[in-house]
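Following: one structure in structure tokens, then a few remarks.
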Amino acid sequence: MMQVIATAGHVDHGKSTLIRALTGIEPDRLAEEKRRGLTIDLGFAWTVLPSGQEVSFVDVPGHERFLGNMLAGIGPAPIVCFVVAADEGWQAQSSDHRDAVAALGIDQGLLVITRADLAPDRVPEVIAQARTELAGTGLAAAPALAVSAVTGEGMDALRVQLDELVAAARRPDPGQRVRLWVDRAFTVSGAGTVITGTLAAGTLCREDRLELIGTHGGAEPGGEGTEVQVRGLQSRGGGLAELGPVSRAAVNLRGVDAEQVGRGDALISPGAWHLSMQVDVRRTTGEDLAGAPGELIAHLGTAQVTARVRPFGEDHARLTLERPLPLAVGDALVLRGSGSHAVRSGVRVLDVDPPALARRGDGRRRQAVLEAMPAGGDLAGEVARRGAVSEQVMRRYGLAVPEELPDGVERRGEQLVDARALADWRERLTALVAEAVQADPLSAGLPRKAAADALPLPAPELLDAVVAAAGLTLEAGRVKDPAAVAGLGAAEAGVTQLERRLAETPFRAPEAEDLAVLGLGARELAAAAAQGRLLRLPDEVVLLPAAPALAMRELARLEQPFTTSEARQALGTTRRVAIPLLEHLDGRGWTRRVDAGHREIVR
């Protein structure tokens with residue numbers, strides 16, 4: 001593993017000279033930089049420390065006009081070498097760079113007093129001054145030492161100190177998702193597009209398929225960027241099959257031209273990041289957000305985007321970004337005025353997918369939620385807001401999902417479910433099934449699709465969890481109540497027995513007493529009729545659906561026209577059954593009245 005260290009400090013305090021002395025590499029790449037003796041853009045170099053540990057340096061410009069470039073350099077870097085010249089002491093851009101370091105929450109680094117040969121007597125004073133200025137930042141207790149890149153004084157001690165710093169530095173997980181912020185893109189003859197950046201976490205491998213996100217790579221909110229493939233990897237000038245964190249990486253890409261890539265784009269693991277256009281944030285440093293202008297410039301990694309600001313009090317705000325970025329809860333953003341070179345505020349992301357604010361009072365309510373939200377985000381709150389959400393989505397947001405979930409959250413398969421929402425869905429489903437049983441006791445349930453459509457479930461697969469929680473069952477595509485299913489057995493047996501009897505004597509309709517013995521009331525008969533198993537005629541005459549066709553066969557044998565009495569005798573039934581059946585045939589147009597006492601078949 002290699003570590004990456006970025007410089008910081010006032011213009012012309014010897015940052016580039018220090019890197020050149022440590023590595024033997026000239027970090028200033030541009031002709032204008034060499035002509036003016038002024039770092040304008042990012043510079044890169046590397047060396048091997050006394051222990052054999054390799055380290056890369058990102059040299060940043062110190063001039064206030066190039067603060068955006070400076071932020072692009074230190075943004076992805078985990079360690080900062082803060083430089084103050086002994087002969088000049090703390091200066092204006094020293095404060096700008098301190099504010100940037102504080103805003104980014106960088107807490108690994110060291111303080112280097114350069115040009116000690118020019119003002120040796122001032123070294124203790126400058127160290128004390130720098131300590132005072134860095135108080136309240138993550139570098140307040142950083143090791144401090146004085147050097148001269150010209151005479152070599154203190155350089156060996158600096159190398160040893162760098163060794164100790166790198167050995168003690170936090171080691172990111174190589175298994176994490178990749179987010180490589182692009183700082184350069186160019187074309188190499190015979191190889192094609194190459195991008196460079198600091199790989200802060202995860203692992204890159206040759207032939208990996210990734211997504212390119214940004215102004216150049218493109219991406220719509222919630223959508224995807226450009227699919228690319230890793231053709232080759234280099235670090236410190238050598239080719240590699242894979243590269244882990246923390247490293248300076250040169251990545252040769254297939255699937256994109258160099259002019260389609262630029263600083264501020266990001267190379268990410270596909271499907272592993274949420275692309276955010278809006279984020280809710282908390283101020284960590286700098287000026288309060290209540291007085292912020294309507295637009296600020298937001299810096300993250302190497303990206304800088306315009307952000308519209310909606311404050312929620314002094315310490316919280318919603319940022320609406322000009323383009324989607326792969327963001328995670330806990331990301332540190334630096335905010336500065338669109339017409340200013342100075343850092344205005346540092347903020348931390350609390351929510352990468354915040355709720356819409358459409359009703360009166362929503363802003364005030366959202367402020368209260370954000371004020372109570374833990375710095376690492378609120379898993380229980382995110383689940384409660386949605387009712388249920390998959391673990392994968394929460395991880396895309398950057399929220400940790402522990403094995404032991406917080407109170408009020410239940411794990412149902414891949415879904416994290418809010419206990420109160422589950423209870424509400426359970427009650428509603430139980431009521432829906434009861435209504436379905438009331439309407440159709442022979443089915444004893446509700447079609448699965450009807451159940452899913454009736455409940456506002458965030459994911460269709462949650463229906464199984466709701467069914468189980470309600471003590472119901474899913475059988476043959478229907479949600480059923482086991483108690484109703486038990487009652488269904490008796491009703492089903494009664495209908496089956498009645499069907500058997502009517503098949504033998506199709507026109508001998510059961511009396512009310514017979515139906516009661518069979519356990520068939522109005523609801524059961526209606527359900528059987530709805531299923532097409534029985535035909536219900538007026539005066540509670542119940543026959544089989546085939547009875548009208550069978551009756552027509554018998555009536556066709558009679559001399560036409562025929563009387564009601566002749567029809568009754570031909571069918572072998574009673575007047576109670578014959579009259580409703582004949583009226584039913586009239587209604588279907590199969591028979592018609594000739595006069596008050598006669599009917600005939602319609603030919």
Do [Y] and [X] meet the salt-bridge criterion of a basic N to acidic O distance under 4.0 Å?
X: Glu242; Y: Arg206; value: no
X: Arg310; Y: Asp280; value: no
X: Asp378; Y: Arg385; value: no
X: Glu207; Y: Arg231; value: no
X: Arg283; Y: Asp315; value: yes

Specify the closest pair of heavy atoms between [X] and [Y], including all atoms of both residues, with the distance to one decimal.
X: Ala375; Y: Leu350; answer: O-CD2, 3.8 Å
X: Leu18; Y: Cys81; answer: CD2-SG, 4.2 Å
X: Ala290; Y: Pro311; answer: CA-CB, 3.9 Å
X: Gly244; Y: Thr203; answer: CA-OG1, 4.2 Å
X: Val84; Y: Ala130; answer: CG2-CB, 4.5 Å
X: Ala146; Y: Ala116; answer: CB-CB, 4.0 Å

Ignoring hydrogens and angles, state whether a donor on the side chain of [X] or [Y] is under 3.5 Å from an acceptor on the partner side chain.
X: Gln278; Y: Thr320; answer: yes
X: Glu88; Y: His13; answer: yes
X: His299; Y: Arg336; answer: yes
X: His274; Y: Arg396; answer: no
X: Glu133; Y: Gln129; answer: no
X: Thr198; Y: Arg248; answer: yes
X: Thr302; Y: Asp183; answer: no
X: Asp117; Y: Thr151; answer: no

Taking the side chain from [X] and the backbone from [Y], do they hold a donor-acceptor pair closer than 3.5 Å?
X: Arg344; Y: Asp288; value: yes
X: Arg177; Y: Gly202; value: no
X: Thr285; Y: Ser345; value: no
X: Ser390; Y: Val393; value: yes
X: Asp99; Y: Ala102; value: no
X: Thr193; Y: Ala258; value: yes
X: Arg20; Y: Ile25; value: no
X: Ser247; Y: Leu243; value: no
X: Ser94; Y: Gly9; value: no

Once rounded to the nearest 0.5 Å, what's the spacing between atom [atom1] of [X] and atom [atom2] of [Y]?
X: Trp273; Y: Leu325; atom1: CH2; atom2: CG; result: 11.5 Å
X: Leu335; Y: Leu300; atom1: CG; atom2: CG; result: 11.0 Å
X: Arg366; Y: Leu357; atom1: CZ; atom2: CG; result: 7.5 Å
X: Ile127; Y: Leu111; atom1: CD1; atom2: CG; result: 6.5 Å
X: Glu287; Y: Leu296; atom1: CD; atom2: CG; result: 9.5 Å
X: Asp265; Y: Gln260; atom1: CG; atom2: CD; result: 10.0 Å

Find out whether [X] and [Y] are in side-chain contact, i.e. whether some heavy atom of one side chain is under 4.5 Å from a heavy atom of the other.
X: Val228; Y: Glu211; result: no
X: Glu382; Y: Asp351; result: yes
X: Gln3; Y: Pro78; result: yes
X: Val343; Y: Arg98; result: no
X: Leu253; Y: Ile195; result: yes
X: Phe57; Y: Leu162; result: yes
X: Val409; Y: Asp418; result: no
X: Thr7; Y: Val80; result: no

> Leu416 and Leu379: side-chain contact (heavy atoms from CB on, under 4.5 Å), yes or no, with the steps?
Replying inline: CA-CA 10 Å; Leu416 302 175; Leu379 179 66; 4.1 Å; yes
Please determine whether the number of non-hydrogen atoms from other residues, nucleotides or ligands lying under 6.0 Å from atom [atom1] of [X] exceeds 12.
X: Arg411; atom1: CZ; answer: yes
X: Arg308; atom1: CZ; answer: no
X: Glu414; atom1: CD; answer: no

> Does the pair Val352 and Val349 meet the rule for a side-chain contact (heavy atoms from CB on, under 4.5 Å), with working shown?
Replying inline: CA-CA 7 Å; Val352 298; Val349 174; 3.6 Å; yes
> Should the pair Trp90 and Phe82 be assigned to parallel (<30°), tilted (30 to 60°) or perpendicular (>60°) ring geometry?
Replying inline: parallel
>> Val147 vs Glu153, test: side-chain contact (heavy atoms from CB on, under 4.5 Å). Steps then yes/no.
In response: CA-CA 5 Å; Val147 303; Glu153 175 189 350; over 6 Å; no
>> Under the criterion salt bridge (Lys or Arg N to Asp or Glu O under 4.0 Å), I'd like the reasoning laid out for Asp59 against Lys15: C-alpha separation, chi angles, the key distance, then a yes or no.
In response: CA-CA 7 Å; Asp59 188 33; Lys15 297 185 295 297; 5.9 Å; no
>> Determine whether Val334 and Leu104 satisfy the following criterion, side-chain contact (heavy atoms from CB on, under 4.5 Å), listing intermediate values before the conclusion.
In response: CA-CA 7 Å; Val334 177; Leu104 291 167; 3.6 Å; yes
